[in-house]
Amino acid sequence: MDELMRLINGLNYEGAILMTQKSTFLGKALVSTICLLFIISIGLNIYQYNTINSERNDNTNKARNFISDQAATFANVFSAAGSTNILEYIKKPDHLSQMIESIQIADSYYLAASKLVSDQLSGKGIIESRNLISNGYLSELRAYRTFLESNSNGAYENIDQIAIAINDLQTISNWLIEKNKNNDSDVYTDNDFYKEVYVNLKSDIKNHYFTGFSS
């Protein structure tokens with residue numbers, strides 16, 4: 001009986017040792033697995049960060065190219081007249097249409113650029129400056145074009161307003177060109193436009209936009 005008990009106790013002892021060894025092995029395996037998963041997770045996060053950062057840099061560069069294209073397109077609006085007085089040049093409806101369309105194309109470049117860096121512009125307005133140009137100045141030019149196309153006799157009663165609007169658009173164009181020359185091709189915001197160019201605009205049209213803004 002004593003011999004049997006010693007045998008049983010021996011088996012129990014060996015079993016306990018085996019269980020301990022097994023538990024230790026499983027514990028080490030679990031720790032190794034957790035460490036491996038942690039390393040993989042860090043690697044994936046670094047890859048994701050690099051991918052996002054690379055994509056963001058690419059979008060920023062593309063946006064800057066679009067802003068440069070905007071400045072060039074805006075400038076071409078006025079260079080097309082050559083040595084001819086701009087008001088004389090746009091007396092032809094076709095020339096005025098080309099001016100309007102070119103300014104619209106310039107705005108399209110700006111819109112494309114702003115969409116590429118929308119995350120960087122979060123919370124920053126870009127509507128007022130676009131509306132001032134598209135719904136303000138271009139509306140004046142479209143009204144003048146309608147008058148010219150109607151072959152109406154006599155002078156256009158708002159020709160002074162047209163002259164001021166053209167001068168303001170030239171001021172905006174010069175501002176864009178200057179920014180481009182200074183390698184400042186980042187997408188500008190309404191605040192940038194208001195602080196850097198709005199004050200130099202002369203037309204009463206501007207009073208309908210940028211309400212609530214202050215330097």
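Below, each value reflects all heavy atoms present in this structure, side chains not excepted, and no hydrogens, waters or symmetry copies.
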S.K.: Within this structure, what is the CD-CD1 distance for the pair Glu140 and Ile162, rounded to the nearest 0.5 Å?
M.R.: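 Those atoms lie 5.0 Å apart.
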
S.K.: Test of understanding: clusters of I, L, V, M, F, W, Y form through side-chain heavy atoms closer than 4.5 Å, transitively. Do Ile86 and Tyr144 belong to the same one?
M.R.: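 In one cluster: yes.
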
S.K.: Check the pair Phe210, Phe193 against ring-ring contact (aromatic ring centres under 6.0 Å, His included), reporting the backbone distance first and the verdict last.
M.R.: CA-CA 10 Å; Phe210 288 91; Phe193 186 95; 5.5 Å; yes

S.K.: Compare every heavy atom of Ser203 with every heavy atom of Gln161, then report the nearest pair and how far apart it is.
M.R.: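 Taking every non-hydrogen atom into account, NE2-OG, 2.6 Å.
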
S.K.: Which residue pairs pass the salt bridge (charged side-chain N to carboxylate O under 4.0 Å, His left out) test when at least one of the two sits in residues 161-178, sequence neighbours left out?
M.R.: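 Listed once each, the pairs would be none.
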
S.K.: Transitively linked via ILVMFWY side-chain contacts under 4.5 Å: Val197 with Ile164?
M.R.: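 No, Val197 and Ile164 fall in different hydrophobic clusters.
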
S.K.: Please examine the side chains of Arg130 and Asp107, heavy atoms only from C-beta on, and report whether any two atoms are closer than 4.5 Å.
M.R.: yes

S.K.: How close do Leu148 and Ile90 get, counting heavy atoms only, and between which atoms?
M.R.: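 Answer, listing the atom of Leu148 first, then Ile90: CD1-O, 3.4 Å.
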
S.K.: Do Tyr110 and Leu121 share a hydrophobic cluster, counting only Ile, Leu, Val, Met, Phe, Trp and Tyr and linking them when any side-chain heavy atoms are less than 4.5 Å apart?
M.R.: yes

S.K.: Would Thr60 and Gln120 satisfy side chain to side chain donor-acceptor pair (under 3.5 Å), going step by step from the backbone distance to the final call?
M.R.: CA-CA 9 Å; Thr60 297; Gln120 301 174 38; 3.0 Å; yes

S.K.: Any chain of hydrophobic side-chain contacts (each under 4.5 Å) joining Val77 to Ile177?
M.R.: no

S.K.: Please find the pair of heavy atoms, one from Glu149 and one from Pro93, that lie closest to each other, and give the distance.
M.R.: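 Reported closest heavy-atom pair: CG-CB, 3.8 Å.
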
S.K.: Determine, using the 4.5 Å side-chain heavy-atom cutoff (strictly less than), whether Ile133 and Leu111 are members of one ILVMFWY cluster.
M.R.: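 Not linked; separate clusters.
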
S.K.: Answer whether the closest heavy-atom distance between the side chains of Gln170 and Ile166 falls below 4.5 Å.
M.R.: no

S.K.: Counting N and O atoms only, with roles assigned by atom type, does the side chain of Ser150 sit under 3.5 Å from a partner on the main chain of Phe147, one being a donor and the other an acceptor?
M.R.: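 At least one qualifying donor-acceptor pair exists.
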
S.K.: Are Tyr198 and Glu128 close enough that a side-chain donor and a side-chain acceptor fall under 3.5 Å?
M.R.: no

S.K.: Going by ring pair (Phe, Tyr, Trp, His ring centres under 6.0 Å), name the pairs with one or both residues in residues 78-101, residues two or more places apart or in two chains.
M.R.: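 As it turns out, the ring pair (Phe, Tyr, Trp, His ring centres under 6.0 Å) pairs with a partner in residues 78-101, which skip direct neighbours, are Tyr89-His95.
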
S.K.: What pair of heavy atoms forms the shortest contact from Thr73 to Ser102, and how long is it?
M.R.: CG2-O, 3.3 Å

S.K.: Side chains of Leu141 and Leu96: does their closest heavy-atom pair fall under 4.5 Å?
M.R.: yes

S.K.: Just how far is it from atom CZ of Arg142 to atom OG of Ser97, taken to the nearest 0.5 Å?
M.R.: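 One gets 10.0 Å once the value is rounded to the nearest 0.5 Å.
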
S.K.: Which atoms form the tightest heavy-atom contact between Phe74 and Leu169, and what is the distance?
M.R.: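 It is CE2-O, 3.7 Å.
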
S.K.: I'd like to know if the side chain of Asp192 pairs up with that of Thr189 as donor and acceptor (distance under 3.5 Å, no hydrogens or angles considered).
M.R.: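 Their side chains do contain a donor-acceptor pair, which is all the 3.5 Å distance test asks for.
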
S.K.: What is the minimum heavy-atom distance between Ser68 and Asn180, and which atoms define it?
M.R.: OG-OD1, 2.9 Å

